[in-house]
**Student:** 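Below is a structure I'd like to ask you about.
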Amino acid sequence: MRAAVLYKNETHLKIEEVPEKKVKPGEIKVKIECCGVCGSDLHITVHKQVSLKNYPRILGHEASGIVSEIGEGVENIQKGDSVILQPGVSCGHCKHCISGQPNYCDERGVLGFEVDGAFAESIVVKEKAVIKFPQTIPFTEAAILADAVSTPYHALKYQGRMQSGDVVAIIGCGGLGIHAVALAKTLGASKILAVDLDKGALENAESYGANILINPKNVKNIGKALKEESGGIDVLCDFSGYYKNIEDSLRAMNTGGRMVMVGIGKNSLNITFPMMIVDRQISITGSLGCDHRGVPELIELVASGKLNLKKSITSMHPLEEVNDCLENLHERKGNPIRFIIRPGE
């Protein structure tokens, strides 16, 4: 089969023929229909911020496809089913995996990082690694539910405990943050503030329902600006990884406010106003990936028409254009949200 493979010390993926894996008991083979190009893919290619444990590696962790083969013992999946691949990999037997929280597993990893991913014509995974979805949902939109939508959904609903009527601030409106804006609107936020340095990202946020747009270049203090514009924030999700935003935004939080850190940065986090956290009973928590609740709930939201992701699909491309997509995402050419790779084209 054809696949996009990353070799050590390379910044570009090589399109080549690789052996197809055989299906073992408890496993299924999925013909990949769509796979999203994510900012995380940039970290291990163009940016070289992350080194993988093993090379060569087939990238791609945000995928949907059709089951083409099932192994012995597979009970809940049938040949021909439309499925979303879970982007997280885990041990499968610890207390967290058993309870449906594989994103808490000590051996957690990511498809396309720790194991070969979905920038390929097909993939073999365990039965539990896929979730069925109805044919009314396009493969393009189903693919991005895996990460671009489920990660901010988990951050907002479960880590941020967002309720209808909350005032919500989203810092960093790239591939994850933009969907946090869309989800905040779907979940009933009374006001949505979007913060980003990029004009195009703010335009995207406005199109998805943000009421107030803030470019940090134009304000002296992001926390003060958020407070003035919002009157007080109930849930703040940071996808930028610039921890100064967390420090400054403490002033803008309402009593009982929840701050969720999703973006990963290198600078230190300095809590300048610890008494404010105690006095206002503000929670600061991290959020990684999604547990077993997210994708099925998102499938229902999309199928019911409550969540529209059509604008998220920037364009579709054959496997041979994956490097162009990575470069264009890096340069933000065309103000992209999600480029979609279709390996079968």
Side-chain angles (χ1 to χ4, degrees), residues 38-50 110 147-148 151-156 159-160 162 167-184 191-206 208 210-230 232-254 257-274 276-277 280 282-289 329-332 335-337:
C38 177
S40 298
D41 297 318
L42 288 178
H43 298 334
I44 52 178
T45 55
V46 178
H47 298 162
K48 281 298 176 189
Q49 293 175 320
V50 177
V110 181
D147 179 26
T151 294
Y153 182 74
H154 182 75
L156 269 176
Q159 297 300 91
M162 185 196 152
V167 175
V168 177
I170 306 300
I171 301 180
C173 297
L176 296 179
I178 188 63
H179 291 110
V181 172
L183 289 162
K191 188 181 294 184
I192 304 170
L193 297 89
V195 180
D196 204 288
L197 291 165
D198 186 83
K199 179 182 176 182
L202 290 176
E203 290 173 353
N204 289 338
E206 185 175 30
Y208 265 125
N211 309 103
I212 299 167
L213 310 177
I214 299 176
N215 189 324
K217 295 177 183 177
N218 302 327
V219 299
K220 291 183 178 180
N221 182 285
I222 190 65
K224 185 176 180 181
L226 286 171
K227 179 66 173 179
E228 290 175 350
E229 294 287 353
S230 68
I233 294 168
D234 298 301
V235 181
L236 181 147
C237 287
D238 181 81
F239 296 90
S240 72
Y242 183 61
Y243 301 145
K244 189 74 164 56
N245 292 327
I246 294 290
E247 301 162 21
D248 292 344
S249 298
L250 276 171
R251 302 177 185 222
M253 302 303 294
N254 286 330
R258 289 83 69 197
M259 307 181 83
V260 186
M261 299 170 62
V262 188
I264 299 174
K266 293 183 178 180
N267 56 309
S268 60
L269 175 63
N270 301 305
I271 302 300
T272 311
F273 305 104
M276 192 175 293
I277 297 174
R280 296 188 189 174
I282 297 168
S283 301
I284 302 177
T285 186
S287 186
L288 178 70
L329 181 60
H330 169 62
E331 296 173 1
R332 295 205 55 79
N335 194 24
I337 295 179

**Student:** To the nearest 0.5 Å, how far apart are NZ in K199 and CZ in R332?
**Tutor:** 13.5 Å
**Student:** For Q159 and G286, which heavy atoms make the closest approach, and how far apart are they?
**Tutor:** NE2-O, 2.8 Å
**Student:** Under 4.5 Å between any side-chain heavy atoms of R258 and T285, yes or no?
**Tutor:** no
**Student:** Taking the side chain as everything from C-beta on, heavy atoms only, tell me whether I171 gets closer than 4.5 Å to S249.
**Tutor:** yes
**Student:** Look only at the side chain of N215 and the backbone of L197, and say whether a donor-acceptor pair between them is shorter than 3.5 Å.
**Tutor:** yes
**Student:** Would you name the heavy atoms of F239 and P152 that are closest together and state the gap between them?
**Tutor:** CZ-CB, 3.8 Å
**Student:** Decide yes or no on side chain to side chain contact (heavy atoms under 4.5 Å, CB included) for L226 and V195, but give the supporting numbers first.
**Tutor:** CA-CA 9 Å; L226 286 171; V195 180; 3.9 Å; yes
**Student:** So does Y243 have more than 12 non-hydrogen atoms from other groups sitting under 6.0 Å from OH?
**Tutor:** yes
**Student:** Identify, with sequence neighbours excluded, every residue that meets side-chain hydrogen bond (donor to acceptor under 3.5 Å, both in side chains) alongside Y153.
**Tutor:** K157, E297
**Student:** Under the salt bridge (Lys or Arg N to Asp or Glu O under 4.0 Å) test, which residues partner R251, sequence neighbours left out?
**Tutor:** none
**Student:** Using a 4.5 Å cut-off on heavy atoms from C-beta on, say whether the side chain of L269 contacts that of M261.
**Tutor:** yes
**Student:** If I take atom CD1 from residue I246 and atom CG from residue D238, how far apart are they, to the nearest 0.5 angstrom?
**Tutor:** 4.5 Å
**Student:** Any chance you could lay out the side chain to side chain contact (heavy atoms under 4.5 Å, CB included) test for I271 and I284, step after step, and finish with the verdict?
**Tutor:** CA-CA 11 Å; I271 302 300; I284 302 177; 4.1 Å; yes
**Student:** Decide if atom CD1 of I264 counts as having more than 12 heavy atoms of other residues, nucleotides or ligands within a radius under 6.0 Å.
**Tutor:** no
**Student:** Given the rule in the side chain to side chain contact (heavy atoms under 4.5 Å, CB included) test, do V110 and D147 qualify, once you have shown the distances and angles that lead to the verdict?
**Tutor:** CA-CA 10 Å; V110 181; D147 179 26; over 6 Å; no
**Student:** With sequence neighbours excluded, tell me which residues meet side chain to side chain contact (heavy atoms under 4.5 Å, CB included) with K191.
**Tutor:** V167, L193, N211, I212
**Student:** When you look at N204 and V181, which way does the side chain to side chain contact (heavy atoms under 4.5 Å, CB included) test go after all the steps?
**Tutor:** CA-CA 9 Å; N204 289 338; V181 172; over 6 Å; no
**Student:** Test of understanding: with side chain to side chain contact (heavy atoms under 4.5 Å, CB included), list the residues that count as partners of N221, not counting sequence neighbours.
**Tutor:** K224, D248
**Student:** Within the side chain of D196, is there an N or O that forms a donor-acceptor pair under 3.5 Å with the backbone of A201?
**Tutor:** no
**Student:** Take atom CD in E206; do more than 12 heavy atoms of anything else shown fall under 6.0 Å from it?
**Tutor:** no
**Student:** With heavy-atom distances below 4.5 Å as the criterion, would you say the side chains of I233 and M259 are in contact?
**Tutor:** no
**Student:** To check you understand the geometry: which heavy-atom pair defines the closest contact between G177 and I170, and what is its length?
**Tutor:** O-CG2, 3.5 Å
**Student:** Quick check: closest heavy atoms across V260 and A155, and the distance to 0.1 Å?
**Tutor:** CG2-O, 3.7 Å
**Student:** Restricting to ring pair (Phe, Tyr, Trp, His ring centres under 6.0 Å), what partner residues turn up for H47, sequence neighbours left out?
**Tutor:** H43, H330
**Student:** The criterion is salt bridge (Lys or Arg N to Asp or Glu O under 4.0 Å); which residues satisfy it with R280, sequence neighbours excluded?
**Tutor:** none
**Student:** Measure across Y208 and A182 and return the closest heavy-atom pair with its distance rounded to 0.1 Å.
**Tutor:** CD2-CB, 3.6 Å
**Student:** Going from CG on L329 to CD1 on I337, what distance comes out if it is rounded to the nearest 0.5 angstrom?
**Tutor:** 11.0 Å
**Student:** Please find the pair of heavy atoms, one from I222 and one from N245, that lie closest to each other, and give the distance.
**Tutor:** CG2-OD1, 3.8 Å
